[in-house]
Amino acid sequence: ETGVTQTPRHLVMGMTNKKSLKCEQHLGHNAMYWYKQSAKKPLELMFVYNFKEQTENNSVPSRFSPECPNSSHLFLHLHTLQPEDSALYLCASSQERGTENYEQYFGPGTRLTVT
Amino acid sequence: GESVGLHLPTLSVQEGDNSIINCAYSNSASDYFIWYKQESGKGPQFIIDIRSNMDKRQGQRVTVLLNKTVKHLSLQIAATQPGDSAVYFCAENLFGGFKTIFGAGTRLFVKA
């Protein structure tokens, strides 16, 4: 309903698995974001892409690997995760950054559990 | 040891009353501020924003106040309704920048 969809909505994976989260926006935006929301910390920015170029990596461990093939799609590739990575992963999009500020539109999130 | 979750401040109001949610932001250089609402099972949803050259902005049933002197934001909701029950986050940005910093959030309960 926000124009940002995320799949899967729920994911359970073992520490040795490799999985990917997908985000798609239908709003014509050029900036896309990954956030982590856990029970222990406020919403944390992970990555930002502006016109498909990564502009922000907020000291995220390399076991999280983002990919932005075009302005409408964003992926988060996961491998060798730890139990503390269990959280809600939120994708967002906005109009392009740089000269103006615009609100972000969030997807419903993927609830990730690492066992 | 036992894991402890984030303890969110909680505000409980009667339906029809006005609500005021407060937020202290961290960076004195931030010049764009946003309030988001997050309902259970959903992502955050934009409510209202304000730039640092303003101290007040009104929307439909909502008003944001900005006090840069003490780095304080507030969100006022008029005639609070049960559908307003959610977690409310303030967020700050440097104008034109990419990094948005979110506050911990406040949980609003509306009693019918």
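Counting non-hydrogen atoms of other residues, nucleotides and ligands closer than 6.0 Å to CE of A:Met15 gives a total of 12 or fewer. Other residues, nucleotides and ligands place no more than 12 heavy atoms under 6.0 Å from the CD atom of B:Gln60.
For A:Arg111, no part lies near chain B; criterion is any non-hydrogen pair under 4.5 Å. Only the side chain of B:Gln38 comes within contact range of chain A, with heavy atoms under 4.5 Å apart. Contacts of A:Leu43 with chain B are made by both backbone and side-chain atoms, with heavy-atom separations under 4.5 Å. Only the side chain of A:Gln37 comes within less than 4.5 Å of a heavy atom of chain B; its backbone N, CA, C and O stay farther away.
If you tally non-hydrogen atom pairs under 4.5 Å between each of B:Pro44, B:Ala91, B:Gly43 and chain A, the highest count goes to B:Pro44.
Close placement of the B:Phe102 and A:Tyr35 rings is indicated, their centers lying within 6.0 Å of each other.
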**OP:** Check the pair B:Tyr36, A:Phe106 against ring-ring contact (aromatic ring centres under 6.0 Å, His included), reporting the backbone distance first and the verdict last.
**Re:** CA-CA 10 Å; B:Tyr36 288 92; A:Phe106 284 83; 5.6 Å; yes
**OP:** Tell me, with the steps shown, if B:Asp31 and B:Lys68 meet salt bridge (charged side-chain N to carboxylate O under 4.0 Å, His left out).
**Re:** CA-CA 9 Å; B:Asp31 51 14; B:Lys68 295 182 289 293; over 6 Å; no
